[in-house]
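Some notes on the structure that comes next.
Naming convention: chains lettered A, B, ... in sequence-line order (proteins, then strands); numbering from 1 in each chain.
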Amino acid sequence: MKVATYNVNGVNGRLDVLLRWLTEAEPDVVVLQELKAPDAKFPVREIEKAGYGAVWHGQKSWNGVAMLARGSEPLLTRKGLPGEHEDEQSRYIEAVIDGIVIGGLYLPNGNPYPGPKFDYKLRWFQRLHSYAAELLDLEVPVILAGDYNVMPTDLDVYKPERWKDDALFRTEVREAFRALVGQGWTDAVRALHPDERIYTFWDYFRNAYGRDAGLRLDHILLSNDLADRLVKAEVDKHVRGWEHTSDHAPVWIELAEKPVRKRRK
DNA sequence: ATGACCAGTGCAACTGGA
């Protein structure tokens, strides 16, 4: 089973790029972020034509998340995170596919630091932390994938010192990510590539992609039983080099049918 | 330190992104 996360940066504006990648990569499940479209403008017809069932949680102009399943309909279980009733930003969607609970998320950017947007990011992180713990308590296979808008360590940034006061790299935010993973999640890409510089985002400015001045922002977290089934975790970096493309590249994992590794600890 | 590039909205020139 191949599960991917992709910040498309406009699902309609870049529909050609999304469909091209779906055809090429053939993922079984995809969580999408930054739809930048209200519910009524989600391109369900084109996505179904490509062979995918879909659920989505849109919003006018900004944010927006979706989940696609190849050859089936995701069973929607949640839109939005609990804990802040007045939160109107579409940043979380959850569905069950093949017996796996899959959460697709788009964590707030949080810039500029300091300020209300940064505070909202930390609150959102705290809500995710609480809800993620509830998911683990269910003792079913769970994936939390998406654009976390955090580089977890120095290895995930082309030039760490330049980013230390940015909302994507502030100590509080890295600490929040570390605490989340510490609940018992596995960062799939890092688990299989512990020492590699791997990026998932390259700025449109300053020829960032050409210089490989990237950031690792998109992560796939696995509950323990799924971590045991992890066989591959990669970034489709070449997609960032396509014409008219998103500033993020798709990230994906391959899960075996049965456990392939021993439980750590 | 700044600005470089994008999409969306809506028709000029902003906001938000990271």
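- Contacts of A/N149 with the nucleic acid, taken as non-hydrogen atoms under 4.0 Å apart, involve only primed sugar atoms and P, OP1 or OP2.
- Partner A/H219 forms a ring-ring contact (aromatic ring centres under 6.0 Å, His included) with one of A/Y106, A/F177, A/W185, A/W252 and no other, that one being A/F177.
- B/dA13 sits 24 Å from B/dT2 when the P atoms are compared, rounded to a whole Å.
- For A/N109 and A/K121, the side-chain atoms include no donor-acceptor pair closer than 3.5 Å.
- Atom CZ of A/R162 has 12 or fewer neighbouring heavy atoms from other residues, nucleotides or ligands inside a 6.0 Å radius.
- Protein chain A contacts DNA chain B from B/dG3 to B/dA18, reading 5' to 3' and using non-hydrogen atoms of the protein with a distance under 4.0 Å.
- Side chains of A/T245 and A/Y209 form no contact here, defined as non-hydrogen atoms less than 4.5 Å apart.
- A distance of about 23 Å separates the P atoms of B/dG16 and B/dA1, rounded to the whole Å.
- Each of A/Q89 and A/H244 lies near DNA chain B, and the nucleotide nearest A/H244 is the one positioned closer to the 5' end.
- A salt bridge is defined here as a Lys NZ or Arg NE, NH1 or NH2 lying under 4.0 Å from an Asp or Glu carboxylate O, and A/R123 with A/D87 fails to meet this definition.
- One C1' atom belongs to B/dA7, the other to B/dC11, and the distance between them is 15 Å to the nearest Å.
- Ring orientation note: the planes of A/W163 and A/Y158 are nearly perpendicular, at an angle over 60° on the 30°/60° scale.
- Here A/K117 lies in heavy-atom contact (under 4.0 Å) with sugar-phosphate atoms only.
- Look at the P atom in both B/dC6 and B/dG10: the space between them is 23 Å, to the nearest Å.
- Taking atom P on both B/dC14 and B/dA4, the two are 14 Å apart, rounded to the nearest angstrom.
- Using a 4.0 Å heavy-atom criterion, one finds that A/Y113 contacts no nucleic acid atom at all.
- Mapping A/T245 and A/G110 onto DNA chain B via the closest heavy atom, the residue that lands nearer the 5' end is A/T245.
- B/dG3 and B/dT15: their P atoms are spaced 15 Å apart (whole Å).
- The shortest distance between side-chain heavy atoms of A/V150 and A/F125 falls below 4.5 Å.
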